[in-house]
Each structure stands twice: as C-alpha cells, then as structure tokens.
Amino acid sequence: MKYVSEFRSPEIVDALLKEIKHTVKGNWNIMEVCGGQTHSLVKNGLLNMLPPNIQMIHGPGCPVCVTPVNLIDKAVNLATEHNVILCSYGDMIRVPGSGISLLEAKAKGADVRILYSPLEAVKIAKENPDRQVVFFAVGFETTAPANALSVIHAQHEDVKNYSILTSHVLVPPAMEAIMADTDCRVDAFLGAGHVCAIMGMSEYYPVVEKYKMPIVITGFEPVDLLEGILMAVKQLENGEYKLENQYTRVVETGGNKNAMSAIEQIFEVTNREWRGIGEIPLSGYGVKEQYSAYDATKKFKIDIAESHEDPTCLSGDIMKGKIKPNQCPNFGTRCRPAQPLGAPMVSSEGACAAYYHFNLATELVEE
Amino acid sequence: MLLSCPIPKLDFDTINLGHGSGGTLTSQLLDAGVFSLLGNELLDKKHDGAIFNLTGKIAMSTDTYVVSPLFFEGGNIGDLAINGTVNDLAMCGAAAKYLTLGFVLEEGLKMTEFWEILNSIKAACDVAGVSIVTGDTKVVEKGKGDKIFINTTGIGTVHPKANIDMVNIKSGDKIILSGPLARHGITIMSHRQGLQFETTISSDSRPLNQIVLKLLDQFGDNIHLLRDPTRGGLATVLNEIAADAKLGIAIAQKDIPVEEDVYGACEMLGLDPLYVANEGLFVAIVDASAADDILAVLKQWNYGQMASIIGEVKADHPRQVIMKSNIGGHRVVNMLAGEQLPRIC
C-alpha cells in the first residue's frame, strides 16, 4: 500500500488544508461528481475539516443510486419469473424496486449471486449450460469496459446462455443536466477520476466552455480530493474556468483506447432514465442491435407493471445539490439503510447512506 | 491440513441417510469415528447425556457454525466450532471445560472431509484443554443442508477474580484490541466464488481462554468487559457496547492494527476492515489505571504482538462510536443494516 499511503499522509493533508484556507475568499459550492469521492470525503472526515465557505455538493455519480426502479423490477422479474441465475455487483441487491429488492427475491428462493466481475458470470454460464445467466450490468463508464468484455468473451467462447441487463449511465450528460437546472448552485466540479481514466478528458472541454465552469478531474484519496478542491478554488478566486487534471497518475488525456474500443464494439449511446432525476437524452449505453442475443431485455419477455418510486423520496434534489441528505425530512426516520426509501440510502457511495453511516455526529465532535 | 489419524474403515465413502437413522450405520460412524477419536471418560459412557460435578460460578454458551467454505487457510469448520464456543465462555471470564457437539450432516458429505473435520475438532479440543462429553448426529437429505452444520454448547467455571459486566464500564476506561483485524473474514471471502485473487492470508481462528485467564489472574476486576468481535466485526461490537452502556466510544484509526495484506485485500474488495469477521481476537474494556500493564502482558502472548489501545470510553456522544481518521477527520462508525456489500467501483 506504499503507493497509496502517500496520498493519505496527515502532513500533506494538513498542508493542503492550510493552503485552501489561505486561498479561499468567496463562498463556493463544489460538486464532487462521483460517489467514490463522496464516500472518501465522509469516511475520512474531510467535510468537517474544510473551511465553512466551501460547501461540497454530492453529485449523481453513484451508479446504484441512479439505476431506475424499472430496471430493478426487471432484474427481480428475471430472477423470480424466468428462473435465471441473476448475477450482480454487491450493493445493487439491496436497492428497493417498486415491489421487492433482489435481496428479498433471493430470500424467496431466486438464484441471485454477488460477483466482483462479469467475466465470472460468463464462467457460471459455462458451468450451467442448462440455465440462463444474466449479469446486471450497471455503472458509469468505469464498469462498461468489463461488461462489454463479458459479451465479447461469451461470444468468443460460444456461450449462448449468457446475457446482460444493462443500465449504463454516462457522466458528461448528467453534469449538463445539473447545470441546465435553473436552481443549480454548483460553482465548480470535481470530475470523476476513474471515469476519465477510461474515457480521457476531451468530453469535458465543451462543458467547461458552455457553462464557464471549472472542472478538475480528481482522484479519491484524501490528498487527491484536497488538491482537486484547491485547484478548483484557485480557479474560482481568479475568475477562471478551465479543465484541469489533478489525477495525472491515473488519467491520460486520451483515456484508455482498449477499454473504449470494447465499449464501442458492444454498446451504443441511448437515452436513459436516471432514478430521482428523470430521463436525460443520450446519457447511457444500450447493447447494439447486432449483439441483441446478449441483451436480456431482448432475450426475455419481461412483463412488469409500470414502476414507481416512493414520491416522498427527495433523492433527486439531493443529487442535484439542492438539499443535503440530513435536510431531508425522511432522513434517519422513515428512511434508513435497513429500510431505504430511495437508493442513495443503500450504497455506501450514496450521499444519504454516507451521511447516515459516517456523518451523523458532526456537531458532537470536538477536538 | 494433514489427517492426524488414519480414516477408519467404513462401508461408505459418503454420508447417507442411514448414518442418521440411529441404526447400525449410526453406531458404526460413531464407534469407528467420533468415539474413537474424541473419547474420554464421560463420552465413553455413551449415555444420553453427561453427568459431572462442577463447583463455583458457572458460565454456559452455545453457537452454531454454518461457514462456507468448510475448509480455509488456517482452519476449518471443526476447529472454528470448538474455538468459537471456548472463546464465548472466555469472554464471560470462564474457563471452558466441557462441550457438547451436534452435527447436522447433509447426505453426500465425503467421509474424508468429515474425518478431517473431526480431526480438527480433536486437535482444537486438545489445544484449548476441553472435552466433548455428549453429542448428536443428524443427517438431512441432499439439498436440505450445506454439507455440515455444527452446534457446540460449552460449560465452564468463571474465574474467581472475574467481574465482567456491562455495568462496570465507565467514562475514561481504555479499549484494548488483542491483535490485527479482519483476518478470518478476508480468508473466507478469498475462497468464495467470484474472487480471483490469491492471498497468503489465513484465518485467526484460535482459542483465547488461556490468555484471558492469565489476564484475569493478574488484573481481576480491572477488566470490565470482554467481547470477541466475530460476525459484524469490531464496529458492531463497539456499537453494541456503546448502546448498552449508554456511553460514547472514541477510537483512533491509526491505533487499530490491520496487517498490510489484509488491508490491501479489503481495499480491493471494497470492504471496511472494521466490519469484517474475526475468530481469534478480543476487545477488552479496562480500567485506565491498568491499561498499560494489561497491554504489556498481552504483547508477550504469541498472538498479541500487535495488541493495541485503540481508544476510550467517553461520556460525550453517548451511544455513538466515533473514529478519528488517519488524517485527523472524524466519522461515525455505525452499525451495518445487513451484511457488508462490496461496492461497485
């Protein structure tokens, strides 16, 4: 962990905090786009260490949180009515659908398995030729290459009983949707480091220009986040707006060509519904027509009623930065991790769960 | 693990329903297997129960073991079932003496596996200094179990100097952790389907009775509470203590020992070591005046080199566990709603 420990150094953190405090004059709202960044901010207690005139707004970059109810219902339907082996990343399985979650479906006898890699699902399909295996392919641009590879791999190995239920979402259109909202309070973005490691930086120049807004592509360790915040604050204080890359040790300007070519082979850009936000044009990936044999929505007749979210859940407002999780009237009362009203209370990357788990006692803590 | 005793000659190489019927096959399995390996004065009577004398204050505990996979680096379900109950009694300040042993076997379990588990049970009993005095074996149809479930119930006498009780905890008490976190849970995770990484991490399954009795000998009622952070890990145990004692708990991340390889595996799997299971670890809430001396004794123990004072009990923030992060920030360490789920990315 030597390589990472330098980015968790208390001395460097302290020096960066001092520089941020020295630099900041105005009041700034900075949105960290990615749920991994939210998780790190609260887990390390960074939110309480920043000067009060820098407010962090927690963006929509938690894939679990923005996967629409409709898709959860489809996954549950596949697992319960079509007798498939439904494979999923871990934190998807507790997200409430309009009926039950995948975890509840599992308890009722459905074959739901938690995996770390979609390639493992292909392996399961090979081992169970008499069963259909579906991988619940959610995530941003970060997980898309691996999910695409699983389809390429299945085709190469002639595995016909494998398909993916895809709910891929894309970061730049979500940032644009937030900026287009008239109530938007965001002054600068911390770009999602790992998304850019795949896709490169070029997509963000137009966003910077169009909204005259600083974007700093940022990593996930405490030193990364503080450095990203400092770079954003410097731009804001100087009245500048440009795209900067804090996460140079991972993000290359051109991205990862191999990963992008896998995505391009399997997926095409489509409109996508975002839980709590609504439909955003051209904001997701769907499986290309020529690979429809691997598209679970084409392969199975998924017959589900119209899906609905709990109308009292304010997750959309939270993800747009209009309110903080603990300002929601349901926070910690009707909505808790054991009984979430909406997805941000489920995943540890979700802003609500992050606040619930790590941040409740902010006012109580004294040095 | 090598079989320490050769497997006896049995008519079947897998468990079948007959082995739980109470008839000849059951007798054969018990006589050739269980009794020959685990035999002692009380068990050899083959009575419906065990009859013995115990004097003084008695502690009793039961636990059921359903771990999958059955075999892992550093142990198997057999030694886990012995150590787990021995440790639960140790956390009561008691020296485990006699254990019951109940098996639920699934049809089709390989006899070689059952034998290896029995051998581990025998070895764990010898190390912990306990005897199996009565037991039970049931067999369920294929598909109705998961190869083998084990229940053990233990009984033992409480150390005369022990006064372990939640009511003894007070503000200012120190919290000692006996060793590094998360070894067992990560070992199990690395064996489960879907994880394609190799580690040399092994489970910390071990009996804690001897070290606990030694500490009680020397420090008696300065030890206010003992808990072993098994399922749910350290975070869960500390939250339970904070809630029951209606006091706050403050811990410092820099003082919580986690080995480098375990920490790396946790990072890779998206798990927080605070919530990962342990099987050979305990938390002691002790009087501040004795904390350094207790730690010094603990560090002399074979498995205690990394023991550490990880925090203290506070009157502030009652019912909450708050951790100071390595970089100086603070966070609440909460209870988990359910099993810790790996994050997507």
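Because only heavy atoms are used, hydrogens play no part in the values below, and waters and symmetry mates are left out as well, while side chains stay in. In the text below, chain A, chain B and the rest are named by the order of the sequence lines, each starting its count at 1.
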query: Do A:V13 and B:N326 have side-chain heavy atoms sitting under 4.5 Å apart?
result: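 Heavy-atom side-chain distance check fails, nothing below 4.5 Å.
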
So does [X] have more than 12 non-hydrogen atoms from other groups sitting under 6.0 Å from [atom1]?
X      : atom1 : value
B:F71  : CZ    : yes
A:K324 : NZ    : yes
A:R131 : CZ    : yes
B:K299 : NZ    : yes
B:K254 : NZ    : no

message: If the threshold is 4.0 Å, N to carboxylate O, is there a salt bridge linking A:R8 and B:E267?
response: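 B:E267 and A:R8: salt-bridged.
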
message: Looking at every heavy atom in both A:P222 and B:I327, which two are closest together, and how far apart are they?
response: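 Answer, listing the atom of A:P222 first, then B:I327: CB-CD1, 3.7 Å.
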
query: B:D272 and A:K43: which non-hydrogen atoms are nearest, and at how many Å?
result: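 Closest approach of B:D272 to A:K43: OD2-CE, 4.2 Å.
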
- prompt: Under the side-chain contact (heavy atoms from CB on, under 4.5 Å) criterion, do A:N48 and B:R331 qualify, and how do the steps go?
  reply: CA-CA 9 Å; A:N48 307 332; B:R331 68 179 247 212; over 6 Å; no

task: Go through the atoms of B:M323 and report whether side chain, backbone, both or neither lie under 4.5 Å from a heavy atom of chain A.
output: neither

- request: Without swapping roles, check the side chain of B:N334 against the backbone of A:Y356 for a donor-acceptor pair under 3.5 Å.
  value: yes

